[in-house]
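Structure record follows, encoded as structure tokens.
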Amino acid sequence: MVSSPKPWNREKEPFAELISAAAIATRVAELGAKITEDYKDKEDVVVIGVLKGSVIFLADLARHIALPIKLEFIGISSYGDATVSSGVVQITQDVSTPIEGKHVIVVEDIVDTGHTVGYLLENLKTRRPASIALASLLHKPERQERDVKIDYLGFTIPNKFVVGYGLDVAQQYRNLPYIGYVTGA
Ligand code: 5GP
């Protein structure tokens, strides 16, 4: 018998639930089905997860894509003040194989100002993939400064600092099974 994860002690968590684990699972399955439909006639599909925030979303999404995709990861870090996204981004870990001629789907945790993923998409486009699309679990439109087209979006959220399902607070809580926002309680 398969057992469910042990529930977290809600009284000790300084977070309020914004999106439940069940709602995430439903939406991720829908996105996977849509990607399967859109790419069913394509060869050489590469799904690139942006470390570290996308890994849990990517792991679930990939299992809802019923096609022989390849998985890659890319690591990026922002220069300068960590609390203000400048879009000046450094690639700290690159994909392991060239993407030229391949159908690329970039998987991100969140599009906030849009600078980070905007830079990344621009960089990847110079490598001449056959196509490039963006899947993001979350989008904060109130904060967006740079125009970025999200082809596969999980949820639009208000301007709150969110955590869980891959997103961190000081590198912790990425393994929270739901998306919460910091209440400070
Ligand atoms: P952007 O360049 O779009 O402003 O920022 C993108 C990155 O900032 C995301 O990939 C994520 O790592 C981080 N980020 C933006 N908003 C949040 C948030 O609400 N919570 C967490 N944990 N990280 C965020």
Side-chain angles (χ1 to χ4, degrees), residues 15 18-19 23-24 27-28 30-32 34-35 38-39 45-62 65 69 71-95 99-100 102-174 176 178-182:
F15 313 120
L18 186 65
I19 308 170
I24 296 169
R27 188 71 190 122
V28 172
E30 288 170 359
L31 293 179
K34 180 81 172 68
I35 291 171
D38 291 352
Y39 286 79
V45 180
V46 183
V47 175
I48 303 179
V50 183
L51 296 170
K52 300 174 188 166
S54 77
V55 291
I56 293 180
F57 175 40
L58 174 67
D60 285 344
L61 181 66
I65 302 174
I69 57 170
L71 295 184
E72 287 282 348
F73 293 94
I74 198 159
I76 53 177
S77 74
S78 297
Y79 285 117
D81 185 345
T83 60
V84 182
S85 181
S86 60
V88 185
V89 173
Q90 184 184 19
I91 292 179
T92 54
Q93 181 185 320
D94 211 338
V95 291
I99 58 165
E100 183 168 355
K102 309 215 168 123
H103 294 282
V104 169
I105 305 172
V106 174
V107 178
E108 254 288 23
D109 51 358
I110 185 165
V111 175
D112 187 26
T113 63
H115 288 303
T116 305
V117 81
Y119 169 88
L120 185 60
L121 291 173
E122 232 172 58
N123 179 295
L124 294 176
K125 276 178 198 164
T126 66
R127 307 179 191 193
R128 304 201 299 176
S131 68
I132 189 157
L134 174 63
S136 182
L137 179 69
L138 304 173
H139 180 213
K140 275 189 213 169
E142 283 170 59
R143 294 252 309 160
Q144 193 159 347
E145 291 172 6
R146 180 170 175 164
D147 205 23
V148 175
K149 180 169 172 270
I150 305 173
D151 303 279
Y152 303 98
L153 174 63
F155 302 91
T156 298
I157 60 164
N159 185 12
K160 290 182 187 296
F161 189 83
V162 289
V163 58
Y165 199 71
L167 292 121
D168 71 308
V169 177
Q171 297 299 330
Q172 291 185 313
Y173 293 106
R174 292 189 195 276
L176 204 65
Y178 63 91
I179 306 248
Y181 61 89
V182 178

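Ring-plane geometry between F57 and Y165 is classed as tilted, the angle between the planes lying from 30 to 60 degrees on a 0 to 90 degree scale.
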**Message:** Assess the residue pair F15 and V169 against the criterion (side-chain contact (heavy atoms from CB on, under 4.5 Å)); give the C-alpha distance rounded to whole Å, side-chain angles, the decisive distance to 0.1 Å, and a yes or no.
**Reply:** CA-CA 11 Å; F15 313 120; V169 177; 4.3 Å; yes
**Request:** Applying side-chain contact (heavy atoms from CB on, under 4.5 Å), run through V117 and V50 and close with a yes or a no.
**Result:** CA-CA 9 Å; V117 81; V50 183; 5.7 Å; no
**Request:** Apply the test side-chain contact (heavy atoms from CB on, under 4.5 Å) to residues V89 and L120: give CA-CA distance (whole Å), side-chain angles for both, the deciding distance (0.1 Å), then the verdict.
**Result:** CA-CA 8 Å; V89 173; L120 185 60; over 6 Å; no
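Residue pairs meeting the salt bridge (charged side-chain N to carboxylate O under 4.0 Å, His left out) criterion with at least one partner in residues 127-139, sequence neighbours excluded, are D94-R127, E100-R128.
Between the CD1 atom in I105 and the CG atom in L31 there is a gap of 11.0 Å [rounded to 0.5 Å]. Atom CD in E145 sits 8.5 Å away from atom CG in D112 (nearest 0.5 Å). Here the CG-CD distance, from L58 to E108, works out to 11.5 Å after rounding to the nearest 0.5 Å. With rounding to the nearest 0.5 Å, the separation of OG in S54 from CD1 in I110 is 13.0 Å. For the atom pair CD of Q90 and OG1 of T92, the computed distance is 7.0 Å after rounding to the nearest 0.5 Å. Rounded to the nearest 0.5 Å, atoms CD1 (I69) and CG (L61) are 7.5 Å apart.
Between A133 and Y39, the shortest heavy-atom distance links the atoms CB-OH, 3.3 Å. What you find for G114 and V111 is that their closest heavy atoms are CA-CG1, 3.8 Å.
For the salt bridge (charged side-chain N to carboxylate O under 4.0 Å, His left out) test, residues two or more places apart in sequence or in another chain that qualify with E30 are R27. Every residue was checked against the salt bridge (charged side-chain N to carboxylate O under 4.0 Å, His left out) condition with K102, not counting sequence neighbours, and none meets it. Among residues two or more places apart in sequence or in another chain, the side chain to side chain contact (heavy atoms under 4.5 Å, CB included) test is passed with N159 by K140, E142, R143. By the side-chain hydrogen bond (donor to acceptor under 3.5 Å, both in side chains) test, K160 pairs with no residue at all, sequence neighbours left out. Legend: residues meeting side-chain hydrogen bond (donor to acceptor under 3.5 Å, both in side chains) with Q93, ordered by chain and number and at least two apart, are absent. Residues meeting the side chain to side chain contact (heavy atoms under 4.5 Å, CB included) test with A23, sequence neighbours left out: I19, S20. The side chain to side chain contact (heavy atoms under 4.5 Å, CB included) check on V55 picks up L51, F73, with sequence neighbours excluded. Shown here are the side chain to side chain contact (heavy atoms under 4.5 Å, CB included) partners of Q171, two or more places apart in sequence or in another chain: K52, D168, R174.
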Output side-chain donor-acceptor pairs under 3.5 Å for residues 149-158, partner residues at least two apart or in another chain, one line each.
{"from": "K149", "atom 1": "NZ", "to": "D151", "atom 2": "OD1", "distance (Å)": "2.5"}
{"from": "D151", "atom 1": "OD2", "to": "L134", "atom 2": "N", "distance (Å)": "2.8"}
{"from": "Y152", "atom 1": "OH", "to": "D38", "atom 2": "OD2", "distance (Å)": "2.6"}

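Between V182 and Y173, every side-chain heavy-atom pair lies at or beyond the 4.5 Å cut-off. Between I35 and V45, every side-chain heavy-atom pair lies at or beyond the 4.5 Å cut-off.
A side-chain contact (heavy atoms from CB on, under 4.5 Å) with I132 is found for exactly one of I48, I99, L121, namely L121.
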